[in-house]
Amino acid sequence: MTPCSGGRKIGPSGRAGRFAEAVRIGYAGGTGAVPGRVEGVVDGAVMLTHRKVADILKNGQPGQTVEVKGWVRTRRDKPTFSFVEINDGSCMANVQAIVESTTNGYELLKEVTTGSSVAIFGTLKESEGKGQRIEVLATSLKVLGTADAHTFPLQKKGHSMEFLRSIAHLRPRTNTFGAMTRVRNAVCWSIHNFFQTRGFLYINSPIITTSDCEGAGEMFQVTTLDLEGLESRDKGLGTEKAAGGDGGASTSPSVPSPSTLDPRPSSIDYSHDFFGKKASLTVSGQLEAEIFATSVGDCYTFGPTFRAENSNTTRHLAEFWMVEPEMPFYELEDNMRLAEEFIKTIIRDVLERCPDDMQFFNDRIEKTVLETCRNITDHEFIRLPYTEAIDILVKSGKKFEYPIEWGKDLQSEHERFLTEEHFKQPVILFDYPRQIKSFYMRCNEDGKTVRAMDVLVPRVGEIIGGSQREERYDVLVDRMKECGLNPEDYWWYLDLRKYGTVPHSGFGLGLERTILLITGMANIRDCIPFPRTPKNAEF
RNA sequence: UCCCCGAUAGCUCAAUGGUAGAGCGAGCGGCUGUUAACCGCUAGGUUCCAGGUUCGAGCCCUGGUCGGGGAGCCA
């Protein structure tokens with residue numbers, strides 16, 4: 001996360017100096033910025049010449065002289081003066097400035113349109129109107145940058161999410177995306193804080209991988225080969241598929257991967273490629289996390305993850321952020337306990353740190369988000385074995401589009417029934433049939449199930465997928481063969497079991513799905529600054 | 001990738017096969033403190049693209065592009 005402090009050094013120190021100062025303050029300050037708690041002075045830093053809107057609205061007192069800088073949201077003219085509302089992204093609310101005919105720069109008011117940037121110097125006073133505690137009586141107005149009202153796309157009125165996606169470079173200036181950005185930041189802070197306060201080490205797992213068994217989905221290829229010089233092989237969207245990755249379905253013994261089905265002989269010699277072998281963007285940091293969990297202990301990865309599947313849904317991105325903790329000596333029950341505490345802590349932190357933003361989401365986006373959040377923090381998650389879930393679904397008498405049968409993976413409609421209708425709260429499903437789960441999940445003694453777990457939440461579905469890992473060398477080798485995998489390809493993974501193996505567990509949490517859950521946004525593309533989806537990487 | 005729906009003014013949407021409309025936004029004017037201000041006036045269009053049917057297509061047909069919802073894959 002970016003240590004974002006209210007205090008920055010200004011003056012001749014220049015950009016590099018300011019950045020260094022910000023970083024230093026971030027480390028010293030520890031908790032980072034909290035909306036509404038912006039400090040004018042931090043750790044001896046030079047006081048800002050201007051104050052953030054969040055600070056003025058929260059701490060500003062009548063009589064104080066202030067300078068406020070930001071972007072104009074709206075201007076309302078009266079015969080002898082104007083109201084100018086300024087937002088700088090530090091909080092949901094705008095600060096209202098009164099620009100009078102006696103204000104220096106009053107003649108510039110024509111240029112003060114929605115979207116323009118201004119610096120206003122003035123005195124704080126109690127507001128005569130309703131709706132705000134305090135406002136700025138301007139003594140001088142400077143227009144930093146105009147925004148042609150004819151062409152500036154953002155208006156005072158609401159816009160559709162689809163339209164805002166088409167102007168992703170300007171949408172952070174809206175209430176919704178300002179709030180989303182602050183909530184996302186709070187979630188990231190909470191994630192690091194949760195693990196750091198529990199002694200987990202943050203592992204920077206690689207983005208580029210040459211492991212063709214990393215799995216969990218179709219991969220984006222990374223190459224420096226001259227593709228235009230190569231004969232087109234009509235790749236289309238993704239042709240690679242391998243086993244593995246948390247929650248991923250296994251490559252069934254009877255179903256070879258698509259790449260082995262390709263009748264065309266490979267004419268590409270990867271020994272000439274940059275890494276000397278075929279390379280891809282990571283689909284999971286789990287393998288790296290397992291290596292470190294079995295050496296330095298509790299750890300987590302947190303970074304971008306890439307899936308080249310041609311998924312066009314409100315819950316999938318081609319590039320998303322995933323948190324993957326991995327813990328030695330944890331069995332499945334410990335894993336579930338940690339996952340539950342993790343989600344609850346994130347939600348509690350966001351509610352505490354972003355109350356205005358959350359109120360906004362509840363008022364304007366989805367009127368049940370606060371209730372949903374409280375419902376999650378206040379109740380114990382249901383723990384339900386897969387087999388019992390099947391029973392509940394069968395006995396529900398509800399007609400589902402897809403049949404319910406032990407051994408088949410649950411469909412979205414089944415998961416939604418359990419979490420939205422039957423229990424009306426998060427459900428942790430565990431002990432899934434071994435034939436629908438990945439090779440690395442620990443086999444149960446019943447010979448039929450593995451120690452997998454999925455955390456299902458209302459509206460979003462699967463938010464966490466995880467498992468206790470198979471730590472028994474021989475069992476893992478047999479399981480790989482059962483899944484049609486060649487153990488030799490996994491020699492280093494097997495080494496972890498060969499030398500000082502320990503029971504261990506882990507899971508993966510989708511950051512954007514967490515944002516979906518907490519904010520009530522309808523589409524995951526609006527839960528990340530710049531969404532990457534099939535046919536979309538414009539910004 | 002599959003199924004369904006859609007694309008008209010800057011935005012959100014109307015428009016029986018027969019003159020292309022509204023609200024908001026924008027511009028101008030008015031208003032003694034506004035709060036998505038309010039009141040009046042004005043401007044604003046290659047109806048997604050390419051074909052086809054028809055005397056005539058925003059509307060019907062074919063193909064494409066893009067977008068939305070659902071499904072699959074999964075986080």
Side-chain angles (χ1 to χ4, degrees), chain A residues 73-85 93-94 96-100 110 113-115 125-132 135 137 147-167 175 215-218 236-238 241 245-249 283-286 304-324 364 401-402 409-413 415-416 436-438 454-457 460-466 507-517 522-525 527-528 533-536 538:
Chain A
R73 283 293 176 83
T74 178
R75 188 189 89 210
R76 291 180 294 273
D77 294 331
K78 302 297 289 185
T80 57
F81 64 99
S82 287
F83 297 101
V84 179
E85 287 198 35
N94 308 323
Q96 175 169 283
I98 313 297
V99 179
E100 299 181 305
K110 264 185 198 166
T113 56
T114 300
K125 63 186 274 280
E126 279 179 32
S127 180
E128 292 173 33
K130 288 174 182 170
Q132 57 280 317
E135 63 192 16
L137 183 60
D148 183 359
H150 287 288
T151 56
F152 185 65
L154 291 173
Q155 303 169 358
K156 297 180 206 175
K157 301 264 173 167
H159 293 287
S160 67
M161 293 298 157
E162 293 79 21
F163 172 67
L164 292 175
R165 250 169 254 156
S166 73
I167 50 166
N175 286 335
E218 301 179 15
L237 278 156
K241 186 148 196 165
D246 236 327
V283 292
S284 168
Q286 180 191 327
T305 309
F306 307 88
R307 305 269 167 98
E309 271 122 16
N310 193 9
S311 294
N312 293 288
T313 79
T314 55
R315 301 181 306 283
H316 290 86
L317 292 165
E319 177 182 296
F320 64 100
W321 285 63
M322 186 156 64
V323 187
E324 295 181 283
R364 296 296 191 91
E401 191 185 339
Y402 291 87
D409 216 350
L410 295 182
Q411 304 294 313
S412 281
E413 56 174 346
E415 295 179 347
R416 276 206 308 274
I436 59 171
K437 287 295 184 183
S438 299
D454 282 357
V455 180
L456 311 177
V457 294
V460 177
E462 183 182 344
I463 198 169
I464 280 180
F507 59 82
L509 171 112
L511 178 64
E512 288 76 17
R513 287 191 180 176
T514 307
I515 312 287
L516 262 183
L517 171 70
N523 195 315
I524 201 166
R525 297 169 190 204
C527 294
I528 187 169
T533 52
K535 303 278 189 288
N536 181 9
E538 174 79 13

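This one's a predicted model, so the numbers in the text were calculated from it and none came from an experiment. FYI, side chains are in, hydrogens and waters are out, and symmetry mates aren't considered; it's all heavy atoms of this structure. Each chain gets a letter, A, B and so on, in the order the sequences are listed, and its residues count up from 1.
Of the P atoms belonging to G17(B) and G6(B), the separation is 15 Å, rounded to the nearest Å. For the P atom pair drawn from C59(B) and G25(B), the interatomic distance equals 31 Å after rounding to whole Å. Only the P atoms considered, U47(B) is 11 Å distant from U8(B), to the nearest whole Å. Nucleotides C13(B) and G51(B) have their P atoms positioned 29 Å apart, rounded to a whole Å.
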What dot-bracket string describes RNA chain B from 5' to 3', counting Watson-Crick and G-U wobble pairs whose defining distances are under 3.5 Å, with [ ] for crossing pairs and | for pairs to another strand?
(((((((..((((....[..)))).(((((.......))))).....(((((..]....))))))))))))....
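For R165(A), a side-chain nitrogen or oxygen approaches OP1 or OP2 of G68(B) to under 4.0 Å. Contact annotation: T151(A) side-chain N/O to G10(B) OP1/OP2 distance is not under 4.0 Å. Using a 4.0 Å cut-off, some side-chain N or O of R76(A) falls inside it from OP1 or OP2 of A37(B). The shortest distance between the side-chain N/O atoms of T314(A) and the OP1/OP2 oxygens of G68(B) is not below 4.0 Å. One finds no side-chain N or O of K535(A) lying less than 4.0 angstrom from the OP1 or OP2 phosphate oxygen of U65(B).
Within the nucleic acid shown, F81(A) comes within 4.0 Å of at least one base atom, counting heavy atoms only. Residue-level contact check: L154(A) touches neither bases nor backbone, having no heavy atom under 4.0 Å from any strand. Contacts of E401(A) with the nucleic acid, taken as non-hydrogen atoms under 4.0 Å apart, are absent. If you check every strand for non-hydrogen atoms under 4.0 Å, R416(A) touches sugar and phosphate atoms only. The residue E162(A) sits close only to the backbone: its heavy atoms come under 4.0 Å of sugar-phosphate atoms, none of a base. Among the heavy atoms of the strands lying under 4.0 Å from T313(A) is at least one base atom, whether or not backbone atoms are also near. Counting any heavy atom pair closer than 4.0 Å across all strands shown, E100(A) reaches no nucleic acid atom. Among the atoms of the strands shown, none is found under 4.0 Å from any heavy atom of L509(A). Contacts of P153(A) with the nucleic acid, taken as non-hydrogen atoms under 4.0 Å apart, are absent. R525(A) comes within 4.0 angstrom of the backbone, heavy atoms only, and of no base. Using a 4.0 Å heavy-atom criterion, one finds that S311(A) contacts the bases of the nucleic acid, with or without backbone contacts as well.
Between the P atom of C3(B) and the CG atom of N310(A) lies a distance of 14 Å, rounded to the nearest Å.
Between H159(A) and F163(A), the ring planes lie tilted relative to each other; the angle falls in the 30° to 60° range.
If you check distances only, the side chain of Q411(A) never reaches the base of G72(B) with a donor-acceptor pair under 3.5 Å. For E309(A) against U1(B), no side-chain N or O and base N or O form a donor-acceptor pair under 3.5 Å. Between the base of U1(B) and the side chain of N312(A) there is a donor-acceptor pair shorter than 3.5 Å.
Looking at every heavy atom in both residues, E512(A) comes nearest to I528(A) through OE2-CD1, 3.4 Å.
Candidate nucleotides G72(B), G25(B), U34(B) were compared by shortest atom distance to the side chain of S412(A), and G72(B) ranks first.
Side-chain contact between N523(A) and M161(A): absent, with no pair of heavy atoms (C-beta onward) separated by less than 4.5 Å.
If you take CD1 on I515(A) and CD1 on I524(A), they are separated by 9.5 Å, rounding to the nearest 0.5 Å.
With hydrogens and angles left out, the side-chain atoms of D77(A) and S82(A) include a donor and acceptor closer than 3.5 Å.
Proximity of a side-chain donor or acceptor of E413(A) to a complementary backbone N or O of E401(A) within less than 3.5 Å is detected.
In terms of position along RNA chain B, the nucleotide closest to F163(A) lies nearer the 5' end than the nucleotide closest to the other residue of the pair F163(A) and Q132(A). The 5' end of RNA chain B is approached more closely, in terms of each residue's nearest nucleotide, by E413(A) than by the other of G510(A) and E413(A).
Electrostatic pairing of R513(A) and E462(A) does not count as a salt bridge here, judged by no charged N lying under 4.0 Å from a carboxylate O.
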Give me, pair by pair, the N or O atoms of the protein and of nucleotides 28-30 of chain B that are less than 3.5 Å apart, along with how far apart they are.
none

